[in-house]
Amino acid sequence: MNKPDVSRELLAWYDRNARGLPWRESHDPYRVWVSEVMLQQTRVDTVIPYYHEWLAVFPDIHSLADANERQVMHLWEGLGYYSRARNMLKTAQLLVEQQAGCFPDLVVELKKLPGIGDYIAGALASIAFGQDEVALDGNGLRVLGRLVEFEQPVNEPAGKAAMRTLMQKMLPHGRAGDFNQAIMDLGATICLPRNPLCAQCPIREHCLAFEHASQAQFPQRTKKKPIPQYIVVAAVIRKGGCVLVDKRKANGLLGGLWEFPGGKQEEGENLQSALVREIKEELGVEIAVQESLGTYRHAYTHFKVVVTAFSAQILKGEPAALAADEIQWVEPDKLEQYPMGKVDRLIAHSLL
DNA sequence: CACTCGTGGGA
DNA sequence: TTCCCAAGAGT
């Protein structure tokens, strides 16, 4: 493979076929940053409406820095990986306080900011600041992995590092940002994970996987572990016209979002007694469980859950931390204002 | 390093 | 249904 030829032909293809995406209308570092964070492990079609709404509410880094966590989480609800949103708020506040709201332009400095790692640092440096830096993502691993029939597993650090070195050698001087995005567009529209459209590929004549019809074998990945399934119960505890919701701890699953209290069923326990136990442990009150409100199945990254929601009421005691900003009685039609994960949102909607 | 962190779409 | 996986980063 002749690397300069591949890069030149790929750029020529990109000049004619670049996708017209909202975040490509300017190279404003703030906008590039917002798009890259949202696009992390998330599809373009999913991101577009969130991107527009975000920019309408937070048009620049100063407006974001002035926001509170609830505003940010509300805009992010449904996108997943919620630590991304909290880290964006942290970075915005940090840059406004310490750098007059300006992003640093060096990769090493960018990577010090919360939520900015190898990929986004390279994307900002190359796309927003015009530097010759690599931005290697899942598309790049697939495109380049096939191009050279890369034998190491690309989901391991050593394999990624070697791919980064390869991509660095291919960077066209002065157009790294376009090159990085060209690789992504090629991976997203032609060099697809399954059934790639090689007949339309501008660099197929350089591609070893195309030559050997081995596209399905690259890139190599090590196997994933099978995921467990948990049985979970949640309580819709009523008092007057209100229901009780609590805020999840900042880190971990659905961190910082609100939920209906509950937890996992233990071995040899029925659903109702599991719920009574969980509420006793979590809130320090005793409840009477009434009827089931429905069952919800959901798959997270490393496990699945089957959630059953029950209506309930308090028999004895008061929820402990009610004074804190961690637990509240809320009228059902106002639950919309409380950012939640998918399952809790479905439960909330069932109450209306 | 291995593991964790959401959601939705497509085969 | 089940599985993979999509512009990764933090711990």
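Chain letters run A, B, ... following the sequence lines, proteins first and then strands; every chain starts at 1.
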**Student:** Which is true for A:L79 with a 4.0 Å heavy-atom rule: it touches a base, it touches only sugar-phosphate, or it touches nothing?
**Tutor:**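 Base, at least one base atom sits under 4.0 Å.
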**Student:** Identify which one of A:E269, A:Q265, A:Q272 satisfies the side-chain contact (heavy atoms from CB on, under 4.5 Å) criterion when paired with A:R277.
**Tutor:**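 Result: among A:E269, A:Q265, A:Q272, A:E269 is the only option passing the side-chain contact (heavy atoms from CB on, under 4.5 Å) with A:R277.
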**Student:** Between A:K90 and A:E36, just flag the one whose closest nucleotide in DNA chain C comes earlier from the 5' side.
**Tutor:** A:E36
**Student:** Less than 4.0 angstrom between a side-chain N/O of A:Y82 and OP1 or OP2 of B:dT7, yes or no?
**Tutor:** yes
**Student:** Does the pair A:D185/A:R24 count as a salt bridge with the N-to-O cut at 4.0 Å?
**Tutor:**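 The answer is yes: the pair qualifies as a salt bridge.
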**Student:** For A:L113 and A:K224, take the nucleotide of DNA chain C holding the closest heavy atom to each; which residue's nucleotide lies nearer the 5' end?
**Tutor:** A:K224
**Student:** Within the 4.0 Å heavy-atom criterion, would you say A:A299 contacts the bases, only the backbone, or no part of the nucleic acid?
**Tutor:**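 The residue A:A299 makes base contact.
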**Student:** Strictly below 4.0 Å: does A:H298 bring a side-chain N or O up to OP1 or OP2 of B:dT7?
**Tutor:**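 Affirmative; the distance criterion is met.
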**Student:** Hey, does the side chain of A:K304 come within less than 4.0 Å of C:dT2's phosphate (OP1/OP2), counting only N and O?
**Tutor:** no
**Student:** Students often get this wrong, so: under 4.0 angstrom with heavy atoms, is A:G78 touching a base, only sugar-phosphate, or nothing?
**Tutor:**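 Here A:G78 touches the backbone only, sparing every base.
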**Student:** Checking ring-ring contact (aromatic ring centres under 6.0 Å, His included) against A:W54, which of A:F58, A:Y51, A:Y50 comes through?
**Tutor:**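 Filter result, single survivor: A:F58.
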**Student:** Measure the distance from CZ on A:R221 to C1' on C:dC5 and round it to the nearest whole Å.
**Tutor:** 8 Å
**Student:** Would the base of C:dG8 count as contacting A:Y119 through its side chain, where contact means a donor and an acceptor less than 3.5 Å apart?
**Tutor:** no
**Student:** Among the candidates C:dA7, C:dG8, B:dG9, find the nucleotide nearest to the side-chain atoms of A:R194.
**Tutor:**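 Between C:dA7, C:dG8, B:dG9, the one nearest the side chain of A:R194 would be B:dG9.
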**Student:** Expressed as a whole number of angstroms, how long is the span from A:E259:CD to B:dG6:P?
**Tutor:** 13 Å
**Student:** Answer yes or no on whether A:R70 is positioned over the face of A:Y338, meaning its NZ or CZ is under 6.0 Å from the six-membered ring centre and within 45° of the axis.
**Tutor:**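 Here A:R70 passes the 6.0 Å and 45° test against A:Y338.
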**Student:** Using a heavy-atom cut-off of 4.0 Å across all strands, would you classify A:T301 as base, sugar-phosphate, or nothing?
**Tutor:**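 Base: the residue A:T301, judged by heavy atoms under 4.0 Å, touches a nucleobase.
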**Student:** With a non-hydrogen cut-off below 4.0 angstrom, is A:L124 in contact with a base, only sugar-phosphate, or nothing?
**Tutor:** nothing
**Student:** Between C1' on C:dC5 and CE on A:M184, what's the gap in Å once rounded to a whole number?
**Tutor:** 17 Å
**Student:** Under 4.0 Å, heavy atoms only, any strand: does A:G252 hit a base, just the sugar-phosphate, or nothing?
**Tutor:**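 Here A:G252 touches the backbone only, sparing every base.
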**Student:** Would you please confirm or rule out a distance under 4.0 Å between OP1 or OP2 of C:dA6 and any side-chain N or O of A:R142?
**Tutor:**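 So the side-chain polar atoms of A:R142 do come within 4.0 Å of the phosphate oxygens OP1 or OP2 of C:dA6, strictly under.
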**Student:** Roughly, in whole Å, what's the span from CE in A:M88 to P in B:dC5?
**Tutor:**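 Between P of B:dC5 and CE of A:M88: 22 Å.
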**Student:** Establish, with yes or no, whether the OP1 or OP2 oxygen of B:dG6 is under 4.0 angstrom from a side-chain nitrogen or oxygen of A:R345.
**Tutor:** no
**Student:** Does the side chain of A:H212 come under 3.5 Å of the side chain of A:Q217 through a donor N or O and an acceptor N or O?
**Tutor:**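 Result is no, nothing qualifies.
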**Student:** Does A:D45 reach a base, just sugar-phosphate, or nothing at all? Heavy atoms under 4.0 Å.
**Tutor:** nothing
**Student:** When we call it a touch if two heavy atoms are under 4.0 Å apart, what does A:W23 touch: a base, just sugar-phosphate, or nothing?
**Tutor:** base
**Student:** With a 4.0 Å cut-off on heavy atoms, is A:R86 in touch with a base, just the backbone sugar-phosphate, or nothing at all?
**Tutor:**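 Nothing, no nucleic acid heavy atom in range.
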**Student:** For C:dA7 and A:Q40 - does any side-chain N or O of the residue sit under 4.0 Å from the phosphate oxygens OP1/OP2?
**Tutor:**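 For C:dA7, neither OP1 nor OP2 has a side-chain N or O of A:Q40 closer than 4.0 Å.
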**Student:** Record whether the side chain of A:T42 comes under 3.5 Å of the base of B:dG6 through a donor-acceptor pair of N or O atoms.
**Tutor:** yes
**Student:** Could you label the plane-to-plane angle of the A:H298 and A:Y300 rings as parallel, tilted or perpendicular, counting under 30° as parallel and over 60° as perpendicular?
**Tutor:** perpendicular
**Student:** 5'-most contact on DNA chain B: A:E156 or A:R84, nearest heavy atom basis?
**Tutor:** A:E156
